[in-house]
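What follows is a short report on a single structure.
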2 protein chains.
Amino acid sequence: MNNATAERHAHIFKALMHPVRLQILDLLRSDEQCVCHLEAQLGQRQAYVSQQLAVLRKAGLISDRRDGLNSYYRIAHPEVLTMLDTVRAIIGGDESPETSLAIDCPCPRCSPVREPMLFKKAHAKARRREGLRTYAKNVAP
Amino acid sequence: MNNATAERHAHIFKALMHPVRLQILDLLRSDEQCVCHLEAQLGQRQAYVSQQLAVLRKAGLISDRRDGLNSYYRIAHPEVLTMLDTVRAIIGGDESPETSLAIDCPCPRCSPVREPMLFKKAHAKARRREGLRTYAKNVAP
DNA sequence: ATAGTATATGCCTTTTTTTGCATATACCCA
DNA sequence: TGGGTATATGCAAAAAAAGGCATATACTAT
């Protein structure tokens with residue numbers, strides 16, 4: 001393996017070396033998801049999730065699609081999931097008890113067909129309930 | 001995938017995110033190799049190679065065996081090679097033209113059955129010829 | 001246009017890796 | 001034991017990544 005090839009391989013592994021990014025990929029296993037869904041499932045703030053998504057996107061591991069206000073991300077190369085499975089084989093995997101927190105995610109994919117405005121207000125309310133960003137200019141610590 | 005599991009997976013990927021470490025693993029594909037062999041093939045200094053080997057060893061990806069003066073390293077989990085192949089599939093692999101530099105490595109595995117002392121002197125001579133460490137206290141730059 | 005929402009990005013500080021160097025350790029042989 | 005060799009490790013400076021925060025962008029509905 002020559003040096004240039006090794007560098008390109010390393011770039012992929014660099015994108016995978018972060019626990020949150022691995023969790024994101026795992027959440028994208030079966031289907032594409034919007035950012036707000038990932039935000040809710042991971043319990044991380046929006047900007048943070050977007051940053052990790054950007055790393056994965058720049059590495060070419062995920063691709064995105066815009067639909068109205070929402071961005072949907074999906075696995076660009078199914079081989080990535082193969083790698084996750086292979087690593088689990090190495091570390092002697094527990095069968096991944098799936099931390100599906102059953103958080104009621106307000107995205108249209110999770111809570112489909114609502115009245116547009118009703119959806120929005122319910123959305124904001126749900127976000128406040130979860131302690132997430134409330135869109136005020138400055139949130140007191 | 002819960003947080004603790006993601007951390008353990010990330011540890012493996014961290015060990016793999018370095019080009020030299022990937023090259024080392026590739027060199028160990030077919031058989032175990034001694035450090036001096038890796039040193040020659042990679043064109044890196046001994047301490048540097050040992051450091052990278054230590055990272056891979058602590059991650060549990062390789063194991064070592066001592067035989068006299070030489071330490072031989074080998075892949076601990078063949079799944080690691082599967083991962084390398086999978087990554088190559090993702091980045092659209094050239095078929096790895098194998099930078100086998102044909103450096104005449106002086107280790108007993110590459111240059112077997114010599115008279116012990118003759119081997120040693122030839123060894124040192126070969127190393128000097130290759131511009132590697134000469135065991136003088138301070139090598140002039 | 002205006003207001004509101006989902007997502008993205010830039011900047012800065014803290015933490016982690018990298019990497020070079022010196023030196024330590026382990027082993028062999030005379 | 002003593003000298004020489006193969007490999008390992010500790011340390012510190014340099015480079016890179018992580019993470020927090022403010023704000024920018026893109027879109028939607030009124």
Side-chain angles (χ1 to χ4, degrees), chain A residues 10-11 14-15 17-21 33-40 44-55 57-59 64-73 105-109 115-128 132-139 141, chain B residues 10-11 13-15 17-21 33-40 44-55 57-58 64-73 105-109 115-128 132-139 141:
Chain A
H11 278 308
K14 272 184 195 173
M17 84 174 168
H18 194 288
V20 169
R21 293 199 287 269
Q33 301 292 347
C34 70
V35 178
C36 70
H37 185 89
L38 301 173
E39 195 182 338
Q44 302 281 357
R45 288 169 312 148
Q46 178 272 321
Y48 184 73
V49 173
S50 271
Q51 278 175 339
Q52 304 304 342
L53 286 169
V55 174
R57 176 160 32 82
K58 284 169 188 164
D64 59 333
R65 169 179 78 83
R66 186 118 200 173
D67 181 19
L69 281 177
N70 298 100
S71 285
Y72 291 90
Y73 282 87
C105 170
C107 73
R109 186 166 279 266
E115 290 294 324
M117 247 355 248
L118 282 179
F119 158 65
K120 283 192 171 183
K121 295 194 173 174
H123 191 165
K125 187 175 176 185
R127 292 177 63 82
R128 272 191 295 275
L132 295 176
R133 191 166 48 119
T134 59
Y135 304 107
K137 292 302 178 190
N138 280 308
V139 180
Chain B
H11 278 307
F13 286 117
K14 272 184 194 172
M17 83 174 167
H18 193 288
V20 169
R21 294 200 287 270
Q33 300 292 350
C34 69
V35 177
C36 71
H37 185 88
L38 301 172
E39 194 183 339
Q44 301 281 356
R45 289 169 311 150
Q46 177 272 320
Y48 184 74
V49 173
S50 272
Q51 279 175 337
Q52 304 303 342
L53 286 169
V55 173
R57 178 160 31 82
K58 283 169 188 164
D64 59 333
R65 168 180 79 85
R66 186 117 199 174
D67 181 19
L69 281 177
N70 299 98
S71 285
Y72 291 91
Y73 282 86
C105 170
C107 73
R109 187 166 279 265
E115 290 293 325
M117 250 352 251
L118 282 181
F119 158 64
K120 283 192 171 182
K121 294 193 174 173
H123 191 164
K125 189 175 174 184
R127 292 177 64 83
R128 271 189 297 274
L132 295 176
R133 190 166 47 119
T134 59
Y135 305 109
K137 291 304 179 188
N138 280 310
V139 181

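Each chain gets a letter, A, B and so on, in the order the sequences are listed, and its residues count up from 1.
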Identify which nucleotide among dT28(D), dC27(C), dT9(C) has an atom closest to any side-chain atom of A54(A), counting heavy atoms from C-beta outward.
dT9(C)
Listed nucleotide nearest any side-chain atom of M17(B), set dT18(C), dA18(D), dC21(C)
dT18(C)
Roughly, in whole Å, what's the span from OH in Y48(B) to P in dT18(C)?
8 Å
Let's see if you can work this out: which of dT17(C), dC28(C), dA6(C) has an atom nearest to the side-chain heavy atoms of L69(B)?
dC28(C)
Using whole Å, what does the distance between atom P of nucleotide dC27(C) and atom OH of Y72(B) come to?
15 Å
Distance, rounded to the nearest Å, where K58(B) contributes NZ and dT18(C) contributes P
12 Å
Once you round it to whole Å, what is the distance between P of dC27(C) and CZ of R65(B)?
14 Å
In short, M17(B) meets M17(A) closest at the heavy-atom pair SD-SD, 2.7 Å
Would you indicate, yes or no, if dA6(C) has its OP1 or OP2 atom less than 4.0 angstrom from a side-chain nitrogen or oxygen of Y73(A)?
no
Rounded to whole Å, how long is the line connecting atom NE2 of H18(A) with atom P of dT16(C)?
11 Å
Test side chain to side chain contact (heavy atoms under 4.5 Å, CB included) on R57(A) and D64(A) and set out the steps.
CA-CA 8 Å; R57(A) 176 160 32 82; D64(A) 59 333; 3.9 Å; yes
Considering only side-chain heavy atoms of A47(B), which listed nucleotide, dT19(C), dC21(D), dC21(C), is closest?
dC21(C)
Ignoring hydrogens, what is the shortest heavy-atom contact between L69(A) and R66(A)? Give both atom names and the distance.
O-NH2, 3.6 Å
Value in whole Å for how far the P atom of dA8(D) lies from CG of N70(B)
10 Å
Would you please confirm or rule out a distance under 4.0 Å between OP1 or OP2 of dG19(D) and any side-chain N or O of R21(A)?
no
Base of dG20(C) paired with side chain of Q44(B) (donor-acceptor, under 3.5 Å):
no
The nucleotide from dA26(C), dG4(C), dT9(D) with an atom nearest the side chain of S50(B) is dT9(D)
On DNA chain D, does the nearest nucleotide to D67(A) precede the nearest nucleotide to Q52(A) from the 5' side, or the other way round? Give the residue.
Q52(A)
Of all heavy-atom pairs between L38(A) and Q33(A), which one has the smallest distance, and what is that distance?
CD2-CB, 4.1 Å
Where do C36(B) and N70(B) come nearest, in terms of heavy atoms and distance?
SG-ND2, 4.2 Å
Distance test, side-chain N/O of R66(A) to OP1/OP2 of dA6(C), below 4.0 Å:
no
Please classify the nucleic acid contact of S71(B) as base, sugar-phosphate, or nothing, using heavy-atom distances under 4.0 Å.
sugar-phosphate
Just N and O in the side chain of R45(B): are any of them under 4.0 Å from OP1 or OP2 of dC21(C)?
yes
Indicate, yes or no, whether a donor-acceptor pair under 3.5 Å links the base of dA8(D) to the side chain of Q46(B).
yes
Step by step, would you call V20(A) with Q44(A) a side chain to side chain contact (heavy atoms under 4.5 Å, CB included)?
CA-CA 9 Å; V20(A) 169; Q44(A) 302 281 357; 4.1 Å; yes
In this structure, how many angstroms lie between the P atom of dA6(C) and the CD atom of Q33(A), rounded?
16 Å
Of the nucleotides dT7(C), dA8(D), dT19(C), which one has an atom closest to the side chain of Q51(B)?
dT19(C)
Which whole-number value in Å describes the distance from H37(B) NE2 to dT7(D) P?
12 Å
